[in-house]
Amino acid sequence: MGISGCLAVPGRCFVVLGLRLLLLVPAGVPVRSGDSVLKDNITVRQGDSAVLKCSVDSKVSRVAWLNRTTILFAGKEKWSLDPRVILLENTAVTEYSIKIQNVDIHDEGPYICSILTNKKPKSTKVHLIVQVPARITNITKDVTVNEGSSISLMCLAVGRPEASVVWRHHSPRGIYTFVAEGEHLELTGITKEQSGSYECIASNDISDPDIRTVQLTVNYPPFISKARSTGTSLGQKGVLQCEATAVPRADFEWYKEDRRLFNGLNGVKIENQGKQSLLTFFNVSEEDYGNYTCVAMNIMGISNASIILYGPGAMHDVNGSAMFPCGSLGLLLTTTIFYLLKF
Ligand SMILES: *[C@@H]1O[C@H](CO)[C@@H](O)[C@H](O)[C@H]1NC(C)=O
Ligand SMILES: *[C@@H]1O[C@H](CO)[C@@H](O)[C@H](O)[C@H]1NC(C)=O
Ligand SMILES: *[C@@H]1O[C@H](CO)[C@@H](O)[C@H](O)[C@H]1NC(C)=O
């Protein structure tokens, strides 16, 4: 019996070889190939135990369990060095079964129970299939990008059968949408609406999906969303309000003509509360009336709006709000210098 024969029918060959070894059959004596039966596959989860069963009867003289070409047990004698492999002794006499504890993916494959009855070898093959619940192994860390840029988010997952990966997006407005499938999510020309949390869902039906999220922060320049002009009588308290949406959050500055106003000076208070800034006059005097400029800035840019503090008799639009482009070149220059000094 040559090696070429082995290559032609490997499964059959190693059983025969195994038995030759086992029974110390002289090499010259031909061994008749016996029947081979394929039993159902055995499916176990990684980490669980697998019991491989084999039926024997009183006529059986020799038994062995093999993992591919390697003998695990020959009769009651253990050949395998793997402590996870044990012979189940207290089973019925008609059973010759082994147990593999803490099954790993490398254990997947064919296992052969080889029996010899009246010098006739017979083998039963069981295919061990190892399942692994879907699990995310690496995911992009929370990330901040500038509006208009591009990024690739990664979510690597393992699983057997192979895990499928989908991305869902929770927008800042609370909208939850499916984005894409696959371990890599490419986002190009990013808008501020694309900020929020990106959920990576890895699943393969073996267990509950594994879910992890990446927080995407999108930086964008301030946009003044509210600039409220106010009519106030002399001697009263007056408040000018300026609101800007921006990421990172805007810093505010207030100007009267070209002159910057500071908190606590000239009888004004400047209060920044989140995305809005309030300029408060405690006791409005004649010279307080006029045009003010609110400047909102962050690392992405700068934006400004004119706001009027007017007297009770002054003409104003019904909405009570006005937004003008910043008119004064001097102010722009001052602001730019402030801006440059700041960053
Ligand atoms: C057993 O598993 C093998 C390999 O995965 C596959 O080809 C075969 O179809 C399976 N047989 C049964 C009965 O499930
Ligand atoms: C079966 O054989 C494979 C390949 O040699 C090995 O990686 C695995 O550990 C073996 N498993 C058992 C239970 O013997
Ligand atoms: C995750 O992936 C990143 C990028 O490929 C790599 O630098 C990092 O080492 C990985 N982390 C782990 C735990 O594998």
Side-chain angles (χ1 to χ4, degrees), residues 6-7 10-19 21-22 36 38-54 63-89 91 95-115 123-145 149-160 162-163 165 167 180 182-187 197-202 210-216:
C6 292
L7 293 175
R12 179 65 49 82
C13 179
F14 53 67
V15 176
V16 175
L17 270 182
L19 284 169
L21 199 65
L22 199 60
S36 179
L38 177 63
K39 281 273 205 66
D40 283 345
N41 292 332
I42 296 179
T43 302
V44 286
R45 270 203 211 174
Q46 185 181 38
D48 286 357
S49 293
V51 172
L52 310 183
K53 287 184 180 168
C54 185
V63 286
W65 263 110
L66 289 87
N67 170 6
R68 295 185 181 88
T69 54
T70 313
I71 296 166
L72 300 175
F73 271 92
K76 291 194 170 183
E77 198 178 341
K78 188 172 176 182
W79 286 41
S80 169
L81 298 175
D82 193 334
R84 299 174 304 138
V85 183
I86 54 175
L87 185 67
L88 295 178
E89 303 253 24
T91 51
E95 218 176 81
Y96 177 63
S97 306
I98 58 166
K99 187 178 186 178
I100 304 168
Q101 294 167 325
N102 189 16
V103 167
D104 194 17
I105 51 173
H106 307 296
D107 297 327
E108 184 164 299
Y111 288 77
I112 297 138
C113 173
S114 215
I115 60 183
S123 66
T124 307
K125 193 167 168 185
V126 293
H127 204 97
L128 183 65
I129 293 168
V130 182
Q131 293 183 326
V132 181
R135 182 169 52 86
I136 296 167
T137 54
N138 198 352
I139 186 164
T140 306
K141 290 200 171 60
D142 291 353
V143 64
T144 299
V145 295
S149 63
S150 301
I151 196 171
S152 169
L153 301 183
M154 171 199 77
C155 177
L156 303 181
V158 293
R160 282 165 85 105
E162 202 169 311
V165 173
W167 291 91
E183 292 184 321
H184 297 275
L185 174 63
E186 309 290 337
L187 299 173
S197 65
Y198 284 82
E199 209 171 67
C200 168
I201 304 162
D210 192 11
I211 303 173
R212 284 172 70 182
T213 54
V214 181
Q215 199 65 37
L216 178 68

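Because the structure is predicted, anything quoted here is derived from the model rather than measured. In listed order, ligands and their atoms are each counted from 1. Along the sequence shown, residues are numbered consecutively beginning with 1.
- R84 and D107 are joined by a salt bridge, as a carboxylate oxygen and a charged side-chain nitrogen come within less than 4.0 angstrom of each other.
- Atoms of ligand 2 lying under 4.0 Å from at least one heavy atom of L72, given by number and element, are 14 (O).
- The contact set between ligand 2 and Y111, taken as ligand atoms under 4.0 Å from a residue heavy atom, comprises 1 (C), 11 (N), 12 (C), 13 (C).
- Looking at atom 5 (O) of ligand 3, its nearest protein heavy atom turns out to be M154 SD, 4.3 Å.
- Of all atoms in ligand 2, numbered sequentially from 1 with element shown, those under 4.0 Å from a heavy atom of I100 are 13 (C).
- For the pair T140 (side chain) and M154 (backbone), a donor-acceptor distance under 3.5 Å is present.
- Contact annotation: the side chain of D82 never approaches that of I100 to less than 4.5 Å [non-hydrogen atoms, C-beta and beyond].
- An N or O contact shorter than 3.5 Å links N67 to ligand 2 by distance.
- Contact of the L187 side chain with the L216 side chain is registered, since non-hydrogen atoms from C-beta on lie closer than 4.5 Å.
- The distance from ligand 2 to the heavy atoms of H106 drops below 4.0 Å at these ligand atoms: 3 (C), 6 (C), 7 (O), 8 (C).
- Short contacts between ligand 2 and R68, defined as distances under 4.0 Å to a heavy atom of the residue, involve ligand atoms 1 (C), 2 (O), 3 (C), 4 (C).
- Q46 contributes no side-chain N or O that, together with a main-chain N or O of V132, makes up a donor-acceptor pair within less than 3.5 Å.
- The environment of CZ in R160 is crowded: more than 12 heavy-atom neighbours from other residues, nucleotides or ligands sit within 6.0 Å.
- Annotation: D107 places an N or O atom under 3.5 Å from an N or O atom of ligand 2; distance criterion only.
- There is a side-chain donor-acceptor pair under 3.5 Å between E186 and S152.
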- Message: For a side-chain contact (heavy atoms from CB on, under 4.5 Å) check, start with the C-alpha distance between V165 and C200, then their side-chain angles and the critical distance, and finish with the verdict.
- Response: CA-CA 7 Å; V165 173; C200 168; 3.6 Å; yes

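- Looking at ligand 3, you won't find any N or O of T137 less than 3.5 Å from one of its N or O atoms.
- Close approach to V85 involves these atoms of ligand 2, each under 4.0 Å from a residue heavy atom: 13 (C).
- Inside a 4.0 Å radius of atom 2 (O) of ligand 3 there is at least one protein heavy atom.
- The protein non-hydrogen atom at the shortest distance from atom 13 (C) of ligand 3 is N138 ND2, 4.4 Å.
- Ring geometry for Y96 against W65 counts as parallel: the plane angle stays under 30°, on a 0 to 90° scale with 60° as the upper cut.
- Less than 4.0 angstrom separates atom 11 (N) of ligand 3 from at least one non-hydrogen atom of the protein.
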